[in-house]
Amino acid sequence: MIWKNKTHELDQFAADLMSANPQLKYYIFGAGLMGRELLSVFMKYNCTVMFIDNSVDKQRDGIDGTEVITLTEYLLRRDGQIIIAASKANTVTIKQQLEDNLLKHGEDFFLYDEFVDFIFPIISVYGFNQSYVSLAQITLTERCTLKCKKCAHGCSYVDNATAIDMSLQQVYKSADSFFSKVDFVKEFVLIGGEPLLYRELETVIEYIGRRYRERISLFVITTNGTIIPNKDILRACQKYNILFRISNYSYQVPRLKKTYQRLMDVLESYSISYVLSEEEHEWMDYGFEYVNRNESEDELVKVFDACKTPCREIRENRFYYCVMARSISDNLGFHVGQDDYLDMDRLNGTDYRKELLEFTLGYSDKGYLDMCRHCNGAEAKNYPIPAADQVIRNDA
């Protein structure tokens with residue numbers, strides 16, 4: 001989207017949103033992991049929040065000290081909006097259940113992703129004068145222990161022997177610039193490449209944890225599960241309540257099953273939380289190596305607007321809308337989109353939170369990224385490819 005009225009693009013939408021729920025009272029439908037994650041955000045903002053769940057046990061016991069009611073009880077109250085926090089399959093069922101009771105999507109209830117990525121960032125700025133970002137990442141290294149064909153970050157093109165990681169000072173600057181303008185982030189992620197290859201990982205965790213942990217709901221390391229962290233890293237992760245998100249590539253690389261189990265055993269021994277993803281069979285081909293769009297700028301804006309990637313990256317003072325666009329451009333040597341970022345250090349004035357909000361939701365001066373010329377964007381889902389297929393196979 002092209003900026004036409006910077007810092008005021010969302011004023012009317014926000015006014016309508018706030019008038020629909022002036023008490024900012026919310027009901028989370030689904031008292032599982034996703035619901036608990038959302039609860040932690042609401043609690044940080046001192047919002048009035050309850051759970052709705054179809055489980056009789058949860059209704060009786062509550063969740064983390066929060067009341068759990070039935071949908072029937074909610075329908076008698078109708079004093080707040082519902083957010084469905086459930087798996088895709090259960091979301092379909094719950095959505096139908098709400099619509100059968102004449103509740104309207106977008107007015108009475110929202111889906112989880114649309115709420116945390118779009119609705120709540122607006123509420124945070126306009127209702128609380130607080131900058132909220134759903135997801136932000138620091139790419140510590142482009143080096144990786146795997147060589148996946150069609151890696152969305154282009155890490156298979158990186159020479160591990162010669163690649164230069166971010167320096168500690170660059171990482172510190174990234175965190176400091178981000179949190180100088182962002183009051184709260186739902187998920188702050190250390191990624192790669194493979195982040196456990198980063199030699200100063202413990203120091204990074206300590207620096208960010210000590211200064212900013214209270215402003216992070218989920219402090220995450222996303223790993224391919226091929227490396228077992230050393231004791232110093234494990235202690236730091238334990239201290240700052242790190243969540244490990246472990247990608248599951250065992251379908252293409254069967255040897256990883258044993259490594260995943262070893263990693264999970266170690267994390268459990270330190271009481272460190274983790275999530276092992278479901279076994280991945282397919283990825284999407286973004287087409288970075290061969291797509292070369294010759295569309296007009298208006299068409300590129302349409303490509304960008306259809307994409308809505310949630311993957312933000314902070315790199316020193318530069319806040320990138322799409323981490324893949326930045327990393328692919330660097331790792332494949334495209335050298336495009338050098339200015340496609342928001343300079344966090346130059347944000348100032350009374351409306352800087354609105355400018356940051358609008359950028360995070362897809363507004364910019366051009367309305368697209370230069371790397372959109374080299375990406376299938378939202379159409380990538382139409383080009384399935386094997387997940388984690390290795391350039392050099394070593395499955396023994």
Side-chain angles (χ1 to χ4, degrees), residues 37 40 133 135-146 153 155 158-180 182 184-249 256 258-277 311-319 323 327 344:
E37 291 178 0
S40 69
V133 172
L135 171 69
Q137 305 164 96
I138 296 179
T139 306
L140 299 175
T141 178
E142 306 288 355
R143 297 180 297 128
C144 192
T145 51
L146 298 176
H153 291 250
C155 295
V158 173
D159 184 345
N160 285 358
T162 60
I164 299 175
D165 296 343
M166 291 187 77
S167 69
L168 273 178
Q169 292 307 312
Q170 287 175 310
V171 176
Y172 295 166
K173 173 64 176 175
S174 301
D176 293 343
S177 289
F178 181 80
F179 286 104
S180 71
V182 176
F184 193 71
V185 57
K186 177 180 172 290
E187 188 162 336
F188 196 73
V189 190
L190 303 177
I191 62 168
E194 171 48 55
L196 287 168
L197 284 174
Y198 191 74
R199 295 178 180 85
E200 306 290 343
L201 182 57
E202 174 208 352
T203 306
V204 168
I205 294 169
E206 179 66 33
Y207 184 90
I208 296 173
R210 185 171 66 253
R211 286 166 172 76
Y212 305 117
R213 187 64 184 87
E214 291 302 312
R215 293 159 64 181
I216 302 170
S217 179
L218 295 175
F219 192 7
V220 177
I221 291 174
T222 296
T223 174
N224 62 26
T226 57
I227 297 177
I228 306 300
N230 63 41
K231 292 181 179 179
D232 291 335
I233 292 174
L234 290 166
R235 292 190 188 102
C237 292
Q238 183 185 55
K239 180 179 179 181
Y240 292 108
N241 192 23
I242 297 283
L243 170 68
F244 274 69
R245 292 199 187 277
I246 308 169
S247 304
N248 190 340
Y249 302 146
L256 291 178
K258 292 182 179 178
T259 310
Y260 294 155
Q261 190 58 57
R262 287 178 55 215
L263 175 58
M264 291 187 290
D265 289 344
V266 169
L267 295 176
E268 287 178 9
S269 71
Y270 279 81
S271 300
I272 296 170
S273 300
Y274 65 86
V275 175
L276 176 64
S277 301
C311 303
R312 312 289 175 264
E313 179 190 33
I314 182 68
R315 198 167 182 84
E316 296 183 272
N317 59 304
R318 304 183 299 278
F319 193 46
V323 62
S327 60
M344 299 292 267

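Here the structure is a predicted model, which is why all the values come from computation and not from measurement.
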Point to revise | Evaluation steps, side chain to side chain contact (heavy atoms under 4.5 Å, CB included), between V171 and E316 | key: CA-CA 7 Å; V171 176; E316 296 183 272; over 6 Å; no
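- N224 and T145 are linked by a side-chain donor-acceptor pair at a separation below 3.5 angstrom, with hydrogens and angles left out of the test.
- In this structure, N241 and R213 have side chains that are in contact, with non-hydrogen atoms separated by less than 4.5 Å.
- A side-chain N or O of Y207 and one of D176 form a donor-acceptor pair less than 3.5 Å apart.
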Exercise for review: Carefully, step by step, assess I221 and C237 under the rule side chain to side chain contact (heavy atoms under 4.5 Å, CB included).
Suggested key: CA-CA 9 Å; I221 291 174; C237 292; 4.0 Å; yes
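- Close placement of the Y212 and F179 rings is indicated, their centers lying within 6.0 Å of each other.
- In this structure, CD1 on I227 lies 10.5 Å from OG1 on T259, to the nearest 0.5 angstrom.
- Between the CG atom in L218 and the CD atom in E37 there is a gap of 4.5 Å [rounded to 0.5 Å].
- I191 places none of its side-chain heavy atoms less than 4.5 Å from the side chain of V220.
- The closest donor-acceptor contact from the side chain of S177 to the backbone of S174 lies at 3.5 Å or more, if one exists at all.
- Annotation: side chain of T226 is not in contact with side chain of Y260 (no heavy-atom distance under 4.5 Å).
- Note that CG of L146 is 10.0 Å distant from SG of C155, once rounded to the nearest 0.5 Å.
- V182 is listed as a side-chain neighbour of M344, based on a closest heavy-atom distance under 4.5 Å.
- Shortest non-hydrogen contact noted between S247 and T222 is OG-CG2, 4.5 Å.
- At least one side-chain heavy atom of L140 sits under 4.5 Å from a side-chain heavy atom of I138.
- Few gaps surround CZ on R210; more than 12 heavy atoms of other groups in view lie less than 6.0 Å from it.
- Counting only distance, with no hydrogens or angles, the side chain of Q170 and the backbone of S167 share a donor-acceptor pair below 3.5 Å.
- Taking a cutoff of 4.0 Å between a charged side-chain nitrogen and a carboxylate oxygen, K239 and E206 qualify as a salt bridge.
- The shortest non-hydrogen separation linking I233 to P229 is CG2-CB, 3.8 Å.
- The backbone N or O of V189 sits nowhere less than 3.5 Å from a side-chain atom of R245 that would complete a donor-acceptor pair.
- Annotation for G225 and T223: closest pair N-OG1, 3.0 Å, computed over non-hydrogen atoms.
- Two residues are said to be in side-chain contact when any heavy atoms from C-beta on lie closer than 4.5 Å; Q261 and K258 fail this criterion.
- Within a 6.0 Å sphere centred on CZ of R262, heavy atoms belonging to other residues, nucleotides or ligands number 12 at most.
- At distances below 3.5 Å, at least one donor-acceptor pair connects side-chain atoms of S277 with backbone N or O atoms of I246.
- Between E194 and R143 there is no salt bridge, since none of the side-chain N atoms of the basic residue sits less than 4.0 Å from a carboxylate O of the acidic one.
- Between F184 and E214, the shortest heavy-atom distance links the atoms CE1-O, 3.9 Å.
- For the side-chain hydrogen bond (donor to acceptor under 3.5 Å, both in side chains) with T139, the lone residue among E313, H153, R315 that qualifies is E313.
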Review point. Step by step, would you call E187 with S217 a side chain to side chain contact (heavy atoms under 4.5 Å, CB included)?
Key: CA-CA 6 Å; E187 188 162 336; S217 179; over 6 Å; no
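- Aromatic ring centroids of F178 and F188 lie under 6.0 Å apart.
- Judged by distance alone, with hydrogens and angles left aside, the side-chain atoms of Q238 form a donor-acceptor pair with the main-chain N or O of Y270 at under 3.5 Å.
- The heavy-atom pair separating I205 from F219 by the smallest distance is O-CE2, 4.1 Å.
- With rounding to the nearest 0.5 angstrom, the CD atom of E202 is 13.5 Å from the NZ atom of K231.
- Here the side chain of N160 pairs a donor or acceptor atom with the backbone of C144 at under 3.5 angstrom.
- When side chains are defined from C-beta on, I208 counts as touching I216, because their heavy atoms get closer than 4.5 Å.
- The side-chain heavy atoms of L234 and I272, taken from C-beta on, include a pair separated by under 4.5 Å.
- Within the 3.5 Å criterion, the main-chain N or O of M166 finds a donor-acceptor partner in the side chain of Y198.
- Without hydrogens or angle criteria, Q137 side chain to R312 main chain gives a donor-acceptor distance under 3.5 Å.
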Practice item. Determine, step by step, whether L263 and L276 satisfy the side chain to side chain contact (heavy atoms under 4.5 Å, CB included) criterion, reporting the C-alpha distance in whole Å, the side-chain angles of both residues, the deciding distance to 0.1 Å, and the verdict. Key: CA-CA 10 Å; L263 175 58; L276 176 64; over 6 Å; no
